[in-house]
Q: 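Pasting a structure here, questions to come.
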Amino acid sequence: MTRVPVLAANWKMFKTTHETLAYMRELGVLVKTLDGGEVEVVVAPPFPSLVTAAEAARNTGVGVAAQNVYFEREGAFTGEVSAAMIKEAGAGYVIVGHSERRRLFGDTDQAVSRKLRAAISAELVPIACIGETLEEREAGKTDDVLDRQIRDGFAGLAPAEVAALIVAYEPVWAIGTGKNATPAEAADAHHHIRTRLGEWFGRETADQCRILYGGSVKPDNVAALTALPDVDGALVGGASLDVASFFKIVTGGLAARPK
Ligand code: PEP
């Protein structure tokens with residue numbers, strides 16, 4: 001089964017609209033130089049820059065993602081943004097359940113489940129983030145945490161919906177810390193996730209679903225991670241803020257993919 005790799009940039013709360021435009025123009029030119037082989041290169045700017053990013057990305061092959069979504073269609077929810085609004089802004093993807101949302105803003109697995117369903121209904125591709133904290137890893141609970149996040153977060157999704165979404169395995173202790181998972185740790189976690197997807201949603205679903213690694217991915221460590229058979233790309237935070245660094249991650253990640 002060949003899965004199209006995904007290299008996604010999560011800018012978090014960085015970059016103004018002007019900075020977004022400059023970055024997207026430069027990235028568009030670089031992505032056009034990629035020869036052969038399918039890839040999805042995705043950029044997730046803050047909400048105010050979605051339209052600018054989507055317009056600049058047109059005809060470049062670069063996709064645009066929102067960093068969060070609210071699950072209601074509309075209403076008195078000050079400060080929230082719906083899936084339909086994100087879609088109309090021109091984005092094709094949305095990050096759901098990022099550990100910063102879970103830790104700082106109280107997103108539960110139940111909220112993640114509702115957000116995933118809202119995103120899918122609006123025909124956005126969710127990038128669903130899961131991953132354990134350091135405390136959970138040290139207590140030997142990594143697999144249990146991943147199981148809970150998949151079981152409760154993906155509750156009510158049809159196998160075809162799970163096959164079409166993108167999972168990002170992001171160990172919380174590796175995000176923004178400069179400490180990435182070793183290839184062996186990433187291989188174990190990705191294998192576990194794919195096995196569970198197979199058991200709960202069917203073998204075909206598990207074979208189709210892209211699973212990205214995220215957590216301190218840099219130009220010099222991306223190859224060792226994307227060379228793993230169950231790793232289908234990367235979700236990159238800090239090292240994606242510089243366009244040259246992100247493009248090095250794209251090319252380095254692609255070159256290392258198993259043929
Ligand atoms: C992220 O924000 O999803 C992330 C992986 O961040 P960083 O690459 O900075 O660890």
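Note that ligands are numbered from 1 as they come in the structure, with each ligand's atoms numbered from 1 the same way.
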Q: Starting from atom 1 (C) of ligand 1, what is the nearest protein heavy atom, named by residue and atom, and what distance separates them?
A: H98 NE2, 3.2 Å

Q: Can you tell me if G178 has a non-hydrogen atom under 4.0 Å from ligand 1?
A: no

Q: Should the ring pair W11 and Y23 be called parallel, tilted or perpendicular, given that the plane angle runs from 0 to 90° and is split at 30 and 60?
A: perpendicular

Q: Can you list the atoms of ligand 1 that are under 4.0 Å from a heavy atom of L235?
A: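 Taking each heavy atom of L235 in turn, ligand 1 has 3 (O), 5 (C) under 4.0 Å.
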
Q: Where is the nearest protein heavy atom to atom 5 (C) of ligand 1: which residue, which atom, and how far?
A: E170 OE2, 3.1 Å

Q: Has A239 got any heavy atom lying under 4.0 angstrom from an atom of ligand 1?
A: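 No, that is not the case, since the closest heavy atom of the residue is not under 4.0 Å from the ligand.
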
Q: Tell me, yes or no, whether the heavy-atom count around R203 atom CZ, taken from other residues, nucleotides or ligands under 6.0 Å, exceeds 12.
A: yes

Q: Closer than 4.0 Å to some heavy atom of A174 - which atoms of ligand 1 meet that?
A: 10 (O)

Q: To the nearest 0.1 Å, how far is atom 8 (O) of ligand 1 from its closest protein heavy atom, and which atom is that?
A: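 Atom 8 (O) of ligand 1 sits closest to the protein heavy atom G237 N, 2.8 Å.
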
Q: Look at the aromatic rings of F201 and F154 and report parallel, tilted or perpendicular, splitting at 30° and 60°.
A: tilted

Q: Determine whether more than 12 heavy atoms belonging to other residues, nucleotides or ligands lie under 6.0 Å from atom CZ of F77.
A: yes

Q: Can you tell whether the side chains of D232 and R194 come within less than 4.0 Å, N to carboxylate O?
A: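 Looking at R194 together with D232, the answer is yes, because their closest N to O distance falls below 4.0 Å.
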
Q: For atom NZ of K87, is the number of surrounding heavy atoms from other residues, nucleotides or ligands below 6.0 Å larger than 12?
A: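 Result for NZ/K87: enclosed.
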
Q: According to side chain to side chain contact (heavy atoms under 4.5 Å, CB included), who are the partners of A57, at least two apart in sequence or on a separate chain?
A: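 A57 satisfies side chain to side chain contact (heavy atoms under 4.5 Å, CB included) with M24, T60, V62, V64 once adjacent residues are dropped.
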
Q: S216 heavy atoms, cut-off 4.0 Å: which ligand 1 atoms fall inside?
A: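 So the answer, numbered in order with elements, is 7 (P), 8 (O), 10 (O).
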
Q: Under 4.0 Å from any heavy atom of G215, which atoms of ligand 1 are there?
A: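 That gives atoms 5 (C), 10 (O) of ligand 1.
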
Q: Measure the spacing between CG of L146 and CD1 of I193 and express it to the nearest 0.5 Å.
A: 5.0 Å

Q: With a 4.0 Å cut-off, would you call R196 and D143 a salt bridge?
A: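 No.
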
Q: Under 4.0 Å from a heavy atom of I175: give me the atoms of ligand 1 that qualify, with their elements.
A: 4 (C), 6 (O), 10 (O)

Q: Does ligand 1 have an atom under 4.0 Å from some heavy atom of K218?
A: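 It does not, in that no heavy atom of K218 comes within the 4.0 Å cut-off of ligand 1.
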
Q: Atoms of ligand 1 less than 4.0 Å from G176 heavy atoms?
A: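 Near G176, meaning under 4.0 Å from one of its heavy atoms, ligand 1 has 7 (P), 9 (O), 10 (O).
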
Q: To which protein heavy atom is atom 9 (O) of ligand 1 closest, and what is the distance rounded to 0.1 Å?
A: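 Looking at atom 9 (O) of ligand 1, the protein heavy atom closest to it is G238 N, 2.8 Å.
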
